[in-house]
Every structure is written in C-alpha cells, then in structure tokens.
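Here the structure is laid out as structure tokens; the discussion comes afterwards.
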Amino acid sequence: MKHLIIGGVAGGATAAARIRRADEMAQIILFEKGPHISYANCGLPYYIGGTIADRDRLFVQTPEAFGRRFAVDVRTQSEVVAIDPAAKNVTVRRADGTTYVESYDKLLLSPGAAPVRPPLPGIDLEGIFTLRNVADTDRIKSYLGEHAVRRAVVVGAGFIGLEMAENLHEAGAHVSIVEMGDQVMAPVDFSIAAQLHTHLTQKGVALYLSRRVEGFERRDGHLVVRLEGGEMLEADLVMLSIGVRPETMLARAAGLEIGEAGGIRVDRYLQTSAPDIYAVGDAIEYPHPLTGRPWLNYLAGPANRQGRIVADNMVFGNTTEYEGAIGTAIAKVFDMTVATTGLPAKRLRQMGIEYVSSTTHSSSHAGYYPGATMMTLKLTFDPRSGKLYGAQGVGYDGVDKRIDQLALAIKRGATVQELTRLEQAYAPPFASAKDPVAIAGYTASNILSGAMPVIGWRDVAEAERRGALLLDVRTEAEFGFGTIPGAVNIPLDELRERLAELPADRPIYVFCAIGLRGYLATRILLGRGFRQVWNLSGGYKTYAAATAPLSGPDSAASQTSARSSAAVQQQPEATATARPTLRVDACGIQCPGPVLKLRQAMEQLQPGQQLEIVATDAGFARDAQAWCNTTGNRLVEQHQERGTYTVVVEKGGVCTSAAIGSSGEGAGKTLILFSDDLDKALATFVLANGAAATGRKTTIFFTFWGLNLLKKRRKPKVRKDLFGRMFGMMLPSSSLGLHLSKMSMFGIGDRLMRHVMKIRGIDSLESLRQQALDNGVEFIACQMSMEVMGIQREELIDEVSVGGVATYMERAEQANVNLFI
C-alpha cells in the first residue's frame, strides 16, 4: 500500500508515524513545501521573546531523523501543486522549479492554514510580519537583531497576537495592540477578557480596541499604522495576527467538496468527497459535537488526534470514527492564564441557543496556604437540563487543570449537577476542600433549581428602567471604596434587622464582592416574603472588571495625541529610603480583607514608619490608593507580579498634605457640570483652568447634559438600543452643537458668540477644554448618566474616565471648593 501525505506538521507527521506502526511494509512518502517537519509552531513566539533560547528545541524531529526512525520517505521543499483523483496521482514541484508525478493508493491532506493578509495599502512594507512557521520566526528574529525595535504594534488580539505582544515586550519593545473587536481573545466572553484588559494595561501594553487599521506607511525611517478616524501609531515593527484561513486551494482545484465554513469537508472517518483521499488539521471543517454545525478548529491537539484516527482508517479501512472537537484552548498572557472550552455565551446568543451562565471567583488553592491567587470560572449551560455548553477560566494559577476537567465533562455530555460529584485531589498547596470546579457546579445548580435567581453584569444597566433597587450587601468599608452607581448599602449581617428599608413591590438586584454573600442575602429576602430578588452573578468583581474604562495608550510611546482614557491617578511619591517596619501577608484573602488588614496594621505604626502588605485581590492596589487618599497616609510604592500585589504605605501624621482638612491650603477644586449650555460650559472651563493654574488638583464631573461636552466630533459606530438612538437624535452630536442659555435665537446667537470670541482673541470652547486637559484637569463622566442617556464610552474623547458617585465623592472630600454648574 502506497500512502502519500501532504504536509509534515502536527496531523501529517502523526499520521505518517502511526501508519508505519500499523503497517511495517507500507510505502509512505511525506511532502513538505518548507525545509522543516514536526516542529513546535506553538512555541515560536517564545523563541522570538527569548524564553526559549535554543532554536533547535523547537524541532520535535528533523526530516532525516524522522525518516530513518519510521522508514518514511521525507521530501522537504517539495510542494504538491495538483491532485488528480481520477488517475490517483499528484504533481510535485521541487525547489528548483522542476516537477514530477507521484501515484498513490491513499492520499492524506494536511496543508494547515495560512495567515490572513488583507489588501491594505502598504502591507508589504519591510518590518510588517505574520507568524506561522519557522521561516517567519527566523525573519522576525533576524529583524529584531538588526534593528532597534523600541515600539511594536500588534494587529489582532487572538492567541498569537497576545503571545507576540508579551514576547515583543520581553524583547524590550513598547507594545500597542490594535483590535477591531471590543475585546481581546475573541473566543471568550467580554467579562473574562476584561480581566486581561486590566492586566495588559498594568504591564504597559496600550490597547486600541474597536479600532480598524486602514493602512501602513513609512515616514522618517519608521512604520506608521493608520487607524480608522485618522489616528496614527508609529512603530519599528508591526505584527499581523488578524487570523488564519484554511489552505484549500489544492483541494478546490482537485474538485474536492468545500463546506459552508470554508474548510475541506470530511465525513466521520475524515475522508473527503473523493475516494481514498483524507484530510486532517486546520484545513478541514467538521460538525461541532454540541451544535452539529460545521466549524473550523485551529488547534494542535485535535489535529494530532485526527492524525492517529485517519492513519488507522487509511490502513485498515474506515473503522475508526472521529467524534469532533469542542475547542479547548489555553493561553499565557504575561502572568495570567486564560482558557476556554465548548461554547461561550456570546456564541450561544449568535446561534439563538437558549442558555444560562454563572460566574464564580475562587482561590487557586487553600487561602490560608501561601501563594493562593484568585481565578474566575464561567459556565454556560442549558436552562432546563443543566447540560454543560461551555466553560471559561482566567487567573494566575490552576486554570489549566480546571479547564481540562470541564472539557472532559462537556465532551461526555455532563450536567452542572454532575460537576458537584467530581472528585478532586485536595491538599492545601494544590486546592481547597471545595475545589473551584465544585463551587462552579454548586452555584450553577442553585441557579438551575431556582434557589438563586441571577442577573448578569449587563443587566445592571437596565436596573433603573426596570424600577429595580440595587442592594450592596458588602460592608460599609467596601461600599466606601466603590460601588455600582445608585446602589444602597445594607451589610449582610444587618439585613434581617433592616428589611423595612427595602421595597416589597420593586425588583431588588443584590450584589456583594464575588457572589457568595449576595446568594445568602437572596435566600434571606426570598425567605422573608420578597419575590422579585436576583443576585448579580460574579458580584461586584465581575461588574467592576467588565465596566472599567481602559487605561489609554501612552502618548510618548505611541506617538499619538491621545491622552489616557483612564482616570488621572495620583502617582505614588518617590520611594523612600526607609525600610518597611512591618510586613503583612494578605494573600488568599478576598476584599475587603486586605484593606482591613492594612488599616489594622497601620494602627501599630508611628508616623513616618512604613508598612509592606502583599495581597492577591486584584482590586487591592486601587483600594489601597483610595484608602491613603482619604486617611492622610502616603502610598510609597506598589507593584504587581504573577497575581500578587505589593503595596508600601507610610503612616502620616495628624496633619499631612494628603489629609482631608477644612483649611483649604493646597486643597483641590471640584466642579459638577450638569448643563450643556454654551455659556455655562465656557464658564466651567475658565474656572477649571484658573484653579489648575494655581497648582490645585481640579476635577470636573460631567453628568447628564454635561456629557455632551465630551463627545467626539468623529464618533465610531456603536450599537445602541432604541432609547440610546432616540437620545442620540435629540442631543447635540458634539460641543460644536451647543446653544446659549439665553439669546440663542435658533442658533444665530450661538454663532455670534463664537464669532465675537474669535475676533476678541478669546479661546474657543474646544480650545479651553484642551487647555484644561493640558493643565492636568481630571475629566470624569458619570456612568449612571451615560447608561440612562445611551452614551457609549467609545463616543467620548479619549482623555475622559468613567466613574460613579463614589469616585466623585472621594475627590470632593479632598477639595475645599465644590461648584455645581
């Protein structure tokens, strides 16, 4: 029997070795158009970044060693350019351009997939790369060695894009990621990706989400990436990671059937539409086990499994069926791990499949054992049977083994109830007595049984329209560090005594930090006669991560005029030479535990002494800064590494410059801009610039109609509901559409005012606004007002941050002047 195999990576090489083990006398010829076979293409980014130092470690087998061990005729740099299914032969082109014909009894196609290179202007300029094989890797590595790459732009934020972002960062470049979608890592849901957004920005990566690349140029020796809307990013290297497409050109030319998803169509034996021709790997499409719909699966694990199955079918006849893959994948993103299996919520919505989801946050191992970090697990499942559809995880440790357990459960058709019956090995260094998978199963089972009605973080935006009360059952200290706008705080342990404060005729949306106390509060309310009660799945941790504004790109590094879109944060003062007097380990403790430990430890110190505290709660660094701002203590230093957050705080005296006082010496100024009248807006920015010029910390809180002052002139397209579209039609499109509060006269007075200002040499409203930003004035957009008026973050200028009442009140407490305009 003569077997020809086209493609020598993953599935092709696996099939060749399996055929030899099954039939010692078979003739096997392996064609590979490149110079290498059986290499670790998933390790290529880590060789570029230097994590894998030895290039030879990338090769599982050399062509010579593979051929000798398995008695395979390996022909590298030999490209099959045509297949004749009727004559059962192929045409092969050698490296010198000559061709010859080779016959076969059985033929296997394993051509893989090719990177997408859209026909954008300038895409073929030097310094723009894709990564798919060893040759690509060598070109990038060589370019890095020959050029000073200080700035790199990665276009596309999938698996390869994020891995390349990390490794280019490790190679010393400042990295910007441009992604057309509104999140990184498209296979996971937004709430999971949001945690990656925070982590990437903490690592100094600039994120340009919902941005489309229009072309590339070369200016003054640098590449320029031109974005939709005219924004420019300078770069020394550009990495394209837009996606891949199955290599089907050879199959199409041979008349093989191509499926609706665009891959080579195969049956359950991995046989194509032509007799004796099989196909495996990235080039094929196969029905998804959960939906029965054809889909493409670009993963190495399934490709290798297909190689084993197809080898048996080629040797013994069609005896072994392929069950399909559900898409189990994992990636390292700097210190974090993100993984997915099965179907996420957004894909279920797209396909019109009814589902329920649950989100849980758990420690990677016992919280009392050193080194525990938080991980998030999200399950999707059938609302009636509880059958698992998908699972996603993100965290710093232990995500891999949990996603593998969940993948096995999904492939075996398990329900969420069955997750509670799994047995996991337990010892404090490795897990908790209640493993994160078990907790996810218990939570999902409670949702399924009706014991815990839930809402998602997106539903919170509808709370006011539905007349719902947002009930925060965390402690007062937690509530003070930030909450969902409009929420009422009744701590869980006080809930039974304060039931009279709650309306029995309105929906109540309950939330806590991660969902557990919210569940307990939900059970209390339901048991006390309240009927319209829901718990926020994943708690405030999920909501805060999903709704947090992204830190904007660094203007110096990215060569754009955009400032940070995050809140202007107080930077810690230079690190003092004093060594911490006291060190506290708060790892494995959930919010508000770390902040409470911080407060308790500070009581033991004298003014001027320092405390170092380490925690694994992702919000601790932000909370520590807020705590220092409101207590008169000084944040000396903070840094993050592998999911642990280290903060150094110096105890202040009775009267410190950061303490809240009434004297006003050095205190800040805050202004609330409620109006969008042109004259009132002018007055606001004049006052703000005057305050900032004196060196005072100045903040403008834009709420309701004042949000119109922040709208971009050229806004991106965003999805809005009916009410959002109605507000968009009725409100000014930008600051250029504002009217005077008096004498507007259908716009005549507005134009006259601007004309008079111009001839009198008075700066325009837009100039005054930019001056305020240049002077360091902080712009905060009211989150609740944005939700009510249907205004999306993407419509506002990049420099603004989004916050709630708690954010403003923190600024107001530090100010001795608060104006409402």
Side-chain angles (χ1 to χ4, degrees), residues 198-199 201-204 335 363 367-374 396 475-478 480-482 513 551 566-663 665-668 695-697 776 778 806-807 810-811 813-815:
T198 300
H199 187 60
T201 54
Q202 287 174 341
K203 291 295 185 179
D335 298 337
S363 292
Y368 55 82
Y369 187 88
T373 57
M374 295 295 291
Y396 296 93
T475 65
E476 291 183 8
E478 292 173 273
F481 286 125
S551 296
V568 179
Q569 300 179 352
Q570 265 190 303
Q571 296 299 318
E573 298 179 29
T575 304
T577 57
R579 296 173 64 87
T581 305
L582 183 63
R583 289 180 170 84
V584 174
D585 184 356
C587 294
I589 303 175
Q590 299 173 3
C591 179
V595 175
L596 295 178
K597 276 187 169 287
L598 170 61
R599 184 178 66 183
Q600 294 165 2
M602 290 295 286
E603 294 174 353
Q604 306 174 36
L605 302 183
Q606 298 298 319
Q609 293 182 326
Q610 294 183 359
L611 164 72
E612 180 183 271
I613 182 168
V614 181
T616 50
D617 177 64
F620 174 61
R622 180 187 64 248
D623 290 345
Q625 175 71 77
W627 185 83
C628 289
N629 292 344
T630 56
T631 58
N633 297 291
R634 182 167 73 91
L635 181 64
V636 176
E637 179 185 354
Q638 63 179 9
H639 64 270
Q640 181 266 344
E641 183 177 2
R642 290 198 58 79
T644 60
Y645 299 82
T646 302
V647 170
V648 178
V649 177
E650 182 177 285
K651 187 165 185 175
V654 176
C655 296
T656 66
S657 60
I660 301 168
S662 58
S663 67
E665 181 63 26
R696 303 298 198 264
K697 172 66 177 177
E778 181 182 25
T807 304
E810 179 190 343
R811 309 301 193 274
E813 286 179 352
Q814 299 174 18

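Reckoned from all heavy atoms, side chains included, excluding hydrogens, waters and symmetry mates.
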Original post:
How long is the gap from CD on Q600 to CE on M602, to the nearest 0.5 Å?
Top reply: 13.0 Å
Subject >> E650 versus Q610, closest heavy-atom pair with distance >> reply: OE1-NE2, 3.2 Å
Original post:
In a check of side chain to side chain contact (heavy atoms under 4.5 Å, CB included) between V636 and each of V648, V649, V647, which one passes?
Top reply: V648
Original post:
In Å and rounded to the nearest 0.5 Å, what is the CG to CD distance from L598 to E612?
Top reply: 12.5 Å
Original post:
What residues form a side-chain contact (heavy atoms from CB on, under 4.5 Å) with V584, not counting sequence neighbours?
Top reply: L582, K597, A601, L611, I613
Subject >> Non-hydrogen atoms of L635 and Q638 that approach each other most closely >> reply: CD2-OE1, 3.7 Å
**OP:** Heavy atoms only: give me the nearest A372-G367 pair and the separation to one decimal.
**Re:** CB-CA, 4.0 Å
**OP:** Indicate the atoms forming the closest heavy-atom contact of T373 with Y396, along with that distance.
**Re:** OG1-CB, 3.7 Å
**OP:** Flag the pair K697 / E778 as yes when at least one side-chain heavy-atom distance between them is below 4.5 Å, and no otherwise.
**Re:** yes
Original post:
Heavy-atom distance under 4.5 Å between the side chains of K651 and Q609, does that happen here?
Top reply: no
